[in-house]
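Data first, discussion second: the structure below is written as structure tokens.
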Amino acid sequence: MAKTSNYVPQDSPLDRMDPRAKIYAIFCLGIAAIIFPYYQFSYLIVIGLFIAAGIAKLLKKFTKFMLAFAIPILIMLIFIQGFYSPKNVTIIADCGFAKLGLEGVEYALKIVGSLLVFLGSFYLMTTTTYTGRLVAALVDSGMNMKVGYLVLACLNVVPQMQRRMLIIQEAQAARGVDTQGTFFSRLKAYIPLLGPVVMSSFTDAQERGMTLETRGFGVKNVKPTTFVEAKKRTSDRVVQILLVVFLVATIAATVFLKFA
Amino acid sequence: MKTEKVGFIGGIKEQFSTKSLVLIPIAVGINLIGGTLASALKLPLFLDMIGTIISAALAGPWVAALVGLLTNVFLALVSNPVYLPYSLVSIGCGLVTGYMIRGGMFKKVWGVVLTWLACTLLSVAISSTITVLVFGGATGATGTSVFTATLIAATKNIVKSVVATSMIENLVDRGIAFLIAYILLKRIPKRFMSQYSVEANFDDAEIDD
Amino acid sequence: MNDTILEVKDLSFRYRGAKRKAFQHISFDVRKGEFFCIVGANGSGKSTLCNALVGLIPFYFEGRMKGDVFINGKNTKESSIAELSSEIGLVFQNPFNQLSYTAGTVEEELAYGLGNKGIPREEMKKRVAKVAKMMRIDHIINKNPLELSGGQVQRVAFGSTFIMEPEILVLDECTTQLDPLGSEEIFDIVKDLNKNGITVIMVDHDMERVARCANRILVLEDGNQVAIDTPEKIFGNPDMVAHQIDVPDYVSICQELKNRGLFKGEVEVEEEPTIQAVKEALKV
Amino acid sequence: MKIELKELRHVYPTGEEALKGISTVIEGTEPVAIIGQNGAGKTTLVKHFNGILRPSSGDVLLNGESIKTRSTAQWSKLVGYVFQNPDDQLFLDSVKREMEFGPRQVGMPEDKIAQRLKVISELCGLQDKLDMHPFDLTSTEKKFCTVASVVMMDPEVVIFDEPTCGQDVRGNERLSKIVQSLKDAGKLCITISHDMKFVVNNFERAIVLYKGKILLDGKMKDVFAQPDELSKTFVSPPPITRVAIGAELGETAFTIPEFMKAFDAKRGAAKHE
């Protein structure tokens with residue numbers, strides 16, 4: 001069965017943190033990493049993320065994810081930008097077929113660094129946040145219930161449809177649809193397999209709409225409540241303020257470095 | 001139940017009735033299942049916008065755009081955050097397809113071809129921009145990235161290589177996706193369509209005895 | 001017991017784009033606390049009628065409706081589906097299409113409708129606990145609804161409908177997709193609810209069950225109202241077979257006995273009385 | 001047609017052992033019903049008859065050939081399987097196309113397809129609905145569309161998964177007719193069903209499963225003469241049979257004439273005393 005989210009329930013400070021504070025973290029840390037002129041800075045933040053992952057008891061999973069992303073893209077980008085970036089002036093190595101330029105390598109490191117900050121913090125948020133709580137928090141902050149419905153429904157509907165797909169594969173195989181063979185015979189099997197999913201989805205959509213309507217979906221002039229609690233604690237507010245302060249400080253430092 | 005003429009924003013709002021809203025997760029599901037199915041059948045294709053096209057035809061451009069966005073958000077949440085910036089491509093495709101269908105493009109085969117080409121061009125433009133500006137040319141060690149790298153080594157031009165790769169990839173993939181979506185759309189039962197169509201081309205006469 | 005809770009007056013409906021009406025000129029009333037059944041062949045308009053009772057027609061489905069439905073004297077046309085949901089609830093066939101798809105646990109699922117109506121969390125928790133117990137799902141309250149069996153999901157669907165505190169429950173073939181054990185569990189609950197004063201309107205194919213439960217039965221054929229009467233009168237009438245109504249075995253047995261002059265009075269519609277009747281007949 | 005089950009075991013990837021050694025032979029044209037509580041292994045068992053599932057150990061032989069030798073799509077010529085939910089199968093825009101799809105997949109000649117289309121559509125009551133969209137049919141007709149699309153392939157064995165689910169009187173009558181005519185045409189019908197009324201009136205042999213094993217196997221009458229064994233797997237006889245047992249008629253009656261015959265016999269005997 002397909003997984004519906006990355007969330008791993010753990011008893012940790014990161015798990016208890018309000019989802020909104022984590023969203024602040026993604027943006028504040030990410031933007032800071034992008035604007036600061038030296039690429040080393042983003043790697044410092046990445047180290048910080050590793051510490052956070054350790055606190056969240058997810059160090060192993062996090063490391064695996066970060067390495068699986070960082071290594072291939074680093075190699076690709078150093079190859080692409082290092083050898084072929086038009087900005088290259090300082091040559092640090094000559095490999096015969098092309099010359100490796102310092103500016104390109106630094107640019108590659110900068111991109112990868114910023115991406116790692118964004119992806120790492122995003123990943124940490126998804127692994128430490130129950131999606132229901134994230135939506136509850138956003139609804140609490142004034143987000144429309146309909147948007148909340150869409151995010152949660154997508155996460156829940158897809159695995160359901162994937163299970164359905166397996167049954168349809170069996171049903172169509174029993175009607176002689178072969179999923180082996182040449183490219184064209186496999187392509188030909190695509191419609192008998194996807195078709196029933198699409199067609200029956202419409203009946204499903206209609207009935208699910210009925211269900212939502214009878215559950216008071218989209219009632220106007222009512223402030224909806226959620227079963228899952230979403231309350232900001234003082235510590236969450238402190239974290240948010242610290243993150244904003246960090247971003248402001250980085251901006252100040254960047255400006256200072258540029259003009260001084 | 002009569003639809004009145006409303007402004008642009010009102011028109012967008014009208015596309016989001018409960019009936020359309022429940023269609024969105026299902027269209028996202030079709031996108032993703034289309035993709036999984038393609039890899040299960042070992043087809044070298046993505047085929048991950050069939051749901052977007054179908055929702056564009058049924059519920060309009062903005063619903064389709066949202067389907068595109070949510071598909072990428074879903075992938076970002078459960079598989080790889082790299083998908084997130086590319087949601088712009090999906091949104092763009094949803095809008096272009098939706099508005100072209102609104103303009104009557106799906107009534108004739110050449111219209112479908114035109115929509116396919118427009119969608120492909122837009123995809124290439126947006127996705128190349130993202131690949132170059134956000135990711136510096138590659139998003140990892142995927143087949144596409146390796147192909148791009150090879151092209152760069154040959155042409156010594158990053159932008160051109162990214163665009164060329166994206167062009168090949170999108171042209172074939174979107175083509176087959178449009179073909180399949182078109183075939184499926186033609187098979188959607190009238191009974192269902194009549195519940196969706198905003199146009200009043202259905203016999204809506206009073207009940208009489 | 002005799003106060004009318006629901007009244008249908010000369011109701012007709014045609015779906016948009018459809019050639020013929022789903023049903024026409026339907027008129028009946030349902031009394032408070034009654035167990036009312038609707039029977040008829042597939043395609044005779046039963047489900048559409050159910051949708052009209054809960055307000056999905058005219059508010060959700062596109063088409064033309066004529067006539068009125070009154071619940072507690074209030075015309076449904078002047079209400080909304082959401083408002084109606086606290087007076088009349090619907091449970092239909094496919095359990096998995098009755099989930100909101102927004103909940104990670106059964107308790108969140110149960111609470112979803114209350115959340116939309118802005119019920120405070122304290123009240124929500126109280127009602128969830130009460131309904132979970134009633135629907136016998138309190139042991140799976142923290143499970144993901146999508147990982148439950150069809151029977152369990154159907155009980156969750158019952159709970160989500162019932163938590164809105166309706167006085168009338170409309171059950172549209174709500175056990176068709178369940179196995180016998182799952183169906184029995186559901187019917188035990190339905191019988192309990194009915195005993196506690198909830199009015200039940202049920203569509204079902206199992207005539208043994210209909211005969212056993214119903215106070216009155218409405219027979220539909222091709223969208224027309226054919227008859228409305230007690231189970232004994234409906235099933236005891238040989239013409240009903242012509243209206244595509246399956247007659248319970250008990251009734252057939254009684255009629256055979258009657259033909260031989262070994263049984264008097266109205267037909268039996270339940271197992272025990274039938275056995276007694278057969279035993280009596282053996283002695284004659 | 002002959003299906004041999006040899007110590008068939010099936011263990012799901014989750015570790016659940018659904019079938020714990022099933023051995024029996026299904027032969028000829030005698031319709032077989034497989035009954036038992038949910039989770040007894042009914043569906044798991046029949047999914048081995050066309051290779052959707054593969055034995056974990058043991059074997060299934062179709063006319064002497066092991067099920068393992070071919071794919072489900074290849075077996076589909078020999079074994080047809082009507083799934084419970086029509087929506088898992090239908091995807092074309094007319095009943096006719098739906099019916100022609102399977103036969104074309106297995107390479108049936110066009111003239112034979114045309115000829116069968118006529119016969120089968122009549123058998124399934126769809127002769128006037130051939131141009132309709134399957135999703136515009138009533139649920140009864142939709143079910144028969146899936147039955148027709150499988151029977152069209154002219155398989156030797158037809159498996160029905162819960163065929164009476166959601167059916168009305170006419171639907172049940174038509175199903176009986178289909179089972180009978182398949183039998184007359186020399187085909188083997190196998191069904192999984194919870195509907196005992198349908199099972200006892202249309203099937204001659206019953207295989208009762210309980211926790212992955214065969215609990216009872218034999219003629220319908222003999223099987224239903226053992227209500228205590230049956231209750232182990234939560235199968236209860238149809239109402240008429242229950243009344244016959246309750247009134248101590250001493251016969252396993254499935255139909256009204258059978259019931260009355262038993263009744264008269266008992267009454268006659270009582271009078272003689």
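We name chains A, B, ... by the order of the sequence lines, and we start the count at 1 in each one.
Here A:Phe217 contributes atom CZ and C:Tyr112 contributes atom OH; the two are 5.0 Å apart, rounded to the nearest 0.5 Å. Between the OG1 atom in C:Thr102 and the CG atom in A:Leu155 there is a gap of 11.5 Å [rounded to 0.5 Å].
Considering every non-hydrogen atom in both C:Leu56 and A:Glu213, the closest pair reads CD2-CB, 4.2 Å. The minimum heavy-atom distance between C:Asn97 and A:Thr203, with the atom names listed, is ND2-O, 4.5 Å. Scanning both residues, C:Ala82 and A:Gly216, for their nearest heavy atoms gives CB-CA, 3.7 Å. Annotation for A:Val219 and C:Asn116: closest pair CB-O, 4.2 Å, computed over non-hydrogen atoms. The two residues A:Arg208 and C:Phe96 have their closest heavy-atom pair at NE-O, 4.1 Å. Summarising the geometry of A:Thr225 relative to C:Leu114, their closest heavy-atom pair is OG1-O, 4.1 Å, with the distance given to 0.1 Å.
Interface residue C:Thr161: backbone and side-chain heavy atoms are both found under 4.5 Å from chain A. With a 4.5 angstrom heavy-atom cutoff, C:Phe92 touches chain A only via side-chain atoms. Neither the backbone nor the side chain of C:Ile163 comes within contact range of chain A; no heavy atom of the residue lies under 4.5 Å from a heavy atom of that chain. Proximity to chain A (any heavy atom under 4.5 Å) is restricted, for C:Val128, to the side chain, taken from C-beta onward. In this structure, the portion of C:Leu99 lying under 4.5 Å from any heavy atom of chain A is its backbone and not its side chain.
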